[in-house]
Protein chains: 2
Amino acid sequence: MPGMQTSERLSFATSPERYRHWRMEIDQAAAVATLVLETAPDGGIVPGYELKKNSYDLGVYIELNDAVQRLRFSYPSVRAVVLTSSLDRMFCAGANIGMLAQSAHSFKVNFCKYCNETLAAIEDATSCSGQVYLAALNGTAAGGGYELALACDQILLTDDGSSVVALPEVPLLGVLPGTGGLTRLTDKRGVRRDLADVFATTAEGIRGERALAWRLVDQIARPSEFDAATRELAKQSAARSARAVTDGAGVDLVPLNCYETEDTIVYAQVRVELDRRAATATLIITGPSAAPADLADLHAAGAAAWPLAAARELDDAISRLRFAEPELGTWLIKTTGDPAAVLATDELLAGSDDWLAAEIIGLWKRTLRRLDATSRSLIALIEPGSCFAGTLAELAFAADRQYMLDGVFDDDQDPAVLILGPMNAGPLPAANGQTRLAIRFGPDSGALGAAVAAAGTALTAAAAAELGLITSAPDDLDWPDEVRLLVAERAGFSPDALTGMEANLRYAGPESAETKILGRLSAWQNWIFLRPNASGPTGALRRYGTGQRAEYDRKRV
Amino acid sequence: MPGMQTSERLSFATSPERYRHWRMEIDQAAAVATLVLETAPDGGIVPGYELKKNSYDLGVYIELNDAVQRLRFSYPSVRAVVLTSSLDRMFCAGANIGMLAQSAHSFKVNFCKYCNETLAAIEDATSCSGQVYLAALNGTAAGGGYELALACDQILLTDDGSSVVALPEVPLLGVLPGTGGLTRLTDKRGVRRDLADVFATTAEGIRGERALAWRLVDQIARPSEFDAATRELAKQSAARSARAVTDGAGVDLVPLNCYETEDTIVYAQVRVELDRRAATATLIITGPSAAPADLADLHAAGAAAWPLAAARELDDAISRLRFAEPELGTWLIKTTGDPAAVLATDELLAGSDDWLAAEIIGLWKRTLRRLDATSRSLIALIEPGSCFAGTLAELAFAADRQYMLDGVFDDDQDPAVLILGPMNAGPLPAANGQTRLAIRFGPDSGALGAAVAAAGTALTAAAAAELGLITSAPDDLDWPDEVRLLVAERAGFSPDALTGMEANLRYAGPESAETKILGRLSAWQNWIFLRPNASGPTGALRRYGTGQRAEYDRKRV
């Protein structure tokens, strides 16, 4: 039935009244929000496992991701966020093992990636938005449960004689902590690497004083004092927050309007066209018709304001495509609209110290990083009528290649232009902290300087090519063949080799904890998940919970 | 038969008169060495393939590694090294595909690692030893052949209308360039990442002017002018070399004396004991009986001088064990001797600007990095009679854990001590440029400062524990059980999970091109080598050369 909702595509949209696993409490007076985890055992996103002991699956993280984002937009006065649980002596047992054991390799990898992006969003909220996260571990935090705590600014652990923090993946499951635990132990918390080795091989975990001495947690508190300690730490976090005090109203993140068919995913500002024969998805982002008149206008428009709506829609489309359409290996990225309106919107956002403007820029930053971390070939097609300017030009620089038409298809068209602006020179850094232009030009600072100096100029294909901003500038006669050949070539290569190659090239230049997690941990995890020692019939993931020990091929690779 | 030479263990020792694939020519007057590649088709290190078109296997790289090292020690006056080939229009076709297709997964991974370490040694010779490498590509450099060129300081390509540089791994073989090609393109040469994408997906490669414009090579020359251009560039490289001019004699790297049995590998200063039941190898490094009296004494001793002999032996032992004993998953590292003699030797080496002293320090640096990159659990056992001081203390800090006996086993023993010295604070950096102590303490600069301030003090177990320099300090009653339990525990874990965990923790902190290659590329390559798209019956590696196209599972992961 044409126009039918395809049920295979997961939805990433939710809102607090629909949460099944989290409860969001807002204490306006204290400027503190609390997210309470209590997973619904029968609330798995697919059948086949029970979410006991606050173990999680993708659905739990979709809600967490929504909560983190919503706190930034809808509750601007919140300055500290407490993560805790309502279970007795159990904060979170980590990813559900039954879910992992039954999942396909590609799902496991995408699931870890989505969780990692959510944890990065928690750290970003703390460092960039002044919503400082505190993990109040009222019980054991194991595996991914402890990794969730590690993403917080501080960790408080109950000292009840039994609750532990633990990373039991290596000893029990034969896999790595999959959401950045090892990197955050050493690089973020300064845990000595030999102690990290002991910790990550101690299945039963570490509690109380020792967890404190090893820097695994920041504070411990007896059960009778735990709530008071949590309140006090939250108060200190709120006081430490760099967030400008605001009593303005937040923006309600109303549900996205998304209309799906077999071959299209259509939002207000973003349209995705799927071509299964060519193995492509074409993402078309519509630019704003005009910039908001001023900040009051931006606030009044709220979730309908173009820059916020477009970023949310693009973010949602990326996640849907990643999970639901693994065989569409090449994404073609197009824009349509008025470059001047994009640049005017950028100017309003970047030129103010308004909290909403900052949040919108931050959402674009994270959405672009989600694109960087997507295991698909990304090709920007810059054609007449497009608006690759400022923030939207960043889409082109996130792509693996940029093709720009030299000339026009029809005589009544104006040639495409590419226009750089302030958004390309700082506010939207990639995961390593550098701008995408700096990564593009690498050690060649002269080329970077020339590109930045061209900001504001409407660059034709020839000018953009001269500055090294595009890969190729075919004319209208060559364009269809060049694009078709490129798509066919990409479809003929090994998808695994492309994924590895693109990850290496996109994460060129300096590294950060975030690039190590997205660019390196992913690779190790891909490998380990695939090995018989983890996923084979006698592997640890398959044997877990059966009472039988895993059987390993003992050879070191 | 006891004492029999076990033939399964590869030898990593060779010398120019035994080379089958390289010719070393020294032009003393010009201070230029030339390494000419001409692989012997029937000279494979194991049967089953022919080394045509200057394709290589491990044996070719063992010779190259020997040549790079020998030039530093035996030819101190050499200031520039030219890599070229004697074949017509073919510099090097890369790793032999038949060899890769017939090799086990673990061999492929170890092979790539050894090649990567050799390429790092070429860059280290250029930057630290003033032996500046020049790739004179008299013909096509494809795949690993071009990656060998990328390790050189400059690349000259013949402009003969047909010779190309190429990275055909992704389009032809479904794997990644395995020896750092992608990282060196962007991070070292500043090739734009979109052009790197085009280049690494263009099977036929890129020649002449375009290779120059894209920064894939530094210079091109017509065939008639190629030799003159090579000589001129070598002359400029020699002039640019920072090597202090020396007319002193070099040190002859005489063959190592290595006596192997089924369960031991015995050198003069290094002894390895294999325990197959416990799955351990115990490496025992004997310290010097006394330091050389002075530099003249060091030069006179040459290859017999303790610091040079011990480093060469340890380096050789690491490589042998990696390839031949994959099931011995834990290495126990011990030392025996006089700590004062180690520190006196360190003082002589570090306190001079003598070229030989610098070369010996450099060899220790590279040997320790080889240990860092070894996929085995490394445990330092610090016992009475040991000499973990200065350079040898670095062995302990390279390990994943450090166990130090608190007390003595027998009343006539003195307790073990750990002594830091200048060698722990700079001259032996890990691959990311930081000292191992800095990596150990991470963001905790106070702990690092306290440790460095304790240099020169003989630290007992209690003092070393207080400073965070050791993991555990059992007494003589607990020691045997603790060590036995640790070894048994390690043997019970998934070898793959341990490899991934150790690599993450050892490469904590900042990253460099070298850590990206050893720590990240290895992971991607491990994964890709294992995927059916590469290594399955219809995968690209298996189908290569059969005339049949590979069949891929098109799903992106």
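Any value given below was found using the heavy atoms of this structure, including those in side chains, with hydrogens, waters and symmetry copies removed. The chains referred to below are lettered A, B, ... by the order of the sequence lines, with proteins before strands, and numbering in each begins at 1.
At least one donor-acceptor pair closer than 3.5 Å links the side chain of K516(B) to the backbone N or O of Y507(A). Between the side chain of D496(A) and the main chain of I528(B), no donor-acceptor pair closer than 3.5 Å is present. No donor-acceptor pair closer than 3.5 Å links the side chain of D194(B) to the backbone N or O of D400(A). For R554(A) (side chain) and G329(B) (main-chain N/O), no donor-acceptor pair under 3.5 Å exists by modelled atom type.
Here the closest heavy-atom approach between residue Y552(B) and residue G492(A) is recorded as CE1-O, 3.4 Å. Nearest heavy atoms, R192(B) versus I470(A): NH2-O, 2.9 Å. P495(A) and D553(B) make their closest contact through CG-O, 3.3 Å (heavy atoms, listed as atom of the first residue, atom of the second, distance). Between R193(A) and L505(B), the closest heavy-atom pair is CD-O, 3.2 Å. The two residues A497(A) and L176(B) come nearest to each other via the heavy atoms O-CD2, 3.4 Å.
Between chain A and the residues P171(B), P177(B), A550(B), G468(B), the most heavy-atom pairs under 4.5 angstrom are made by G468(B). No other option in A200(B), G442(B), A491(B), A523(B) has as many heavy-atom pairs under 4.5 Å with chain A as A523(B). When N110(B), T183(B), L498(B), L486(B) are compared by the number of non-hydrogen pairs under 4.5 Å with chain A, L498(B) comes out ahead. Each of E325(B), K113(B), R215(B), R322(B) has some count of heavy-atom pairs under 4.5 Å with chain A, and the biggest count is that of R215(B). With respect to chain A, the highest number of heavy-atom pairs below 4.5 Å among G539(B), P443(B), A513(B) belongs to P443(B). The residue among D197(A), I439(A), T499(A) with the most heavy atom pairs within less than 4.5 Å of chain B is D197(A). Listed options V109(B), L530(B), T515(B) were ranked by heavy-atom pairs under 4.5 angstrom with chain A; first place goes to L530(B). Contact tally against chain B (heavy-atom pairs below 4.5 Å) for A104(A), G500(A), P510(A): the top residue is G500(A). Most heavy-atom pairs under 4.5 Å with chain B, from the set M501(A), E327(A), H105(A): that is M501(A). When the candidates S512(A), A447(A), S377(A), G509(A) are compared by the number of heavy-atom contacts under 4.5 Å with chain B, G509(A) comes out ahead. Note: E502(A) leads R549(A), Q402(A), R189(A), E502(A) in heavy-atom pairs under 4.5 Å with chain B.
For the 3.5 Å distance criterion, the side chains of S106(B) and R556(A) fail to qualify, holding no donor opposite an acceptor. Using a 3.5 Å distance cut-off with no hydrogens or angles, the side chains of T201(A) and R401(B) do pair a donor with an acceptor.
Proximity to chain A is limited to the backbone of A399(B), based on heavy atoms less than 4.5 angstrom apart. Of the two parts of T471(B), the backbone and the side chain both hold a non-hydrogen atom closer than 4.5 Å to a non-hydrogen atom of chain A. Of the two parts of E169(B), neither the backbone nor the side chain holds a non-hydrogen atom closer than 4.5 Å to a non-hydrogen atom of chain A. In this structure, the portions of R506(B) lying under 4.5 Å from any heavy atom of chain A include both its backbone and its side chain. Interface residue A196(B): backbone and side-chain heavy atoms are both found under 4.5 Å from chain A. If you measure heavy-atom distances from A508(B) to chain A, the contacts under 4.5 Å come from both the backbone and the side chain. Neither the backbone nor the side chain of S472(B) comes within contact range of chain A; no heavy atom of the residue lies under 4.5 Å from a heavy atom of that chain. Interface remark: E489(B) contributes side-chain atoms only to the contact with chain A (heavy atom separation under 4.5 Å).
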message = Is there a side-chain hydrogen bond (donor to acceptor under 3.5 Å, both in side chains) between S494(A) and R531(B)? Walk through the geometry before answering.
response = CA-CA 10 Å; S494(A) 160; R531(B) 294 274 291 173; over 6 Å; no
inquiry  = Determine whether T186(B) and R440(A) satisfy the following criterion, side-chain hydrogen bond (donor to acceptor under 3.5 Å, both in side chains), listing intermediate values before the conclusion.
reply    = CA-CA 8 Å; T186(B) 54; R440(A) 181 178 186 84; over 6 Å; no
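F111(A) is linked by a ring-ring contact (aromatic ring centres under 6.0 Å, His included) to nothing, counting only residues two or more places apart in sequence or in another chain.
By the 6.0 Å contact criterion, CD on E466(B) is open, its count of non-hydrogen atoms from other residues, nucleotides or ligands being 12 or less. Within a 6.0 Å sphere centred on CZ of F107(A), other residues, nucleotides and ligands contribute more than 12 heavy atoms. Atom NZ of K188(B) is surrounded by more than 12 heavy atoms from other residues, nucleotides or ligands within 6.0 Å. For F323(A), the CZ atom counts as densely surrounded, since its 6.0 Å shell holds more than 12 non-hydrogen atoms of other residues, nucleotides or ligands.
Here CG of L172(A) is found 8.5 Å from CZ of F493(B). Values are rounded to the nearest 0.5 Å.
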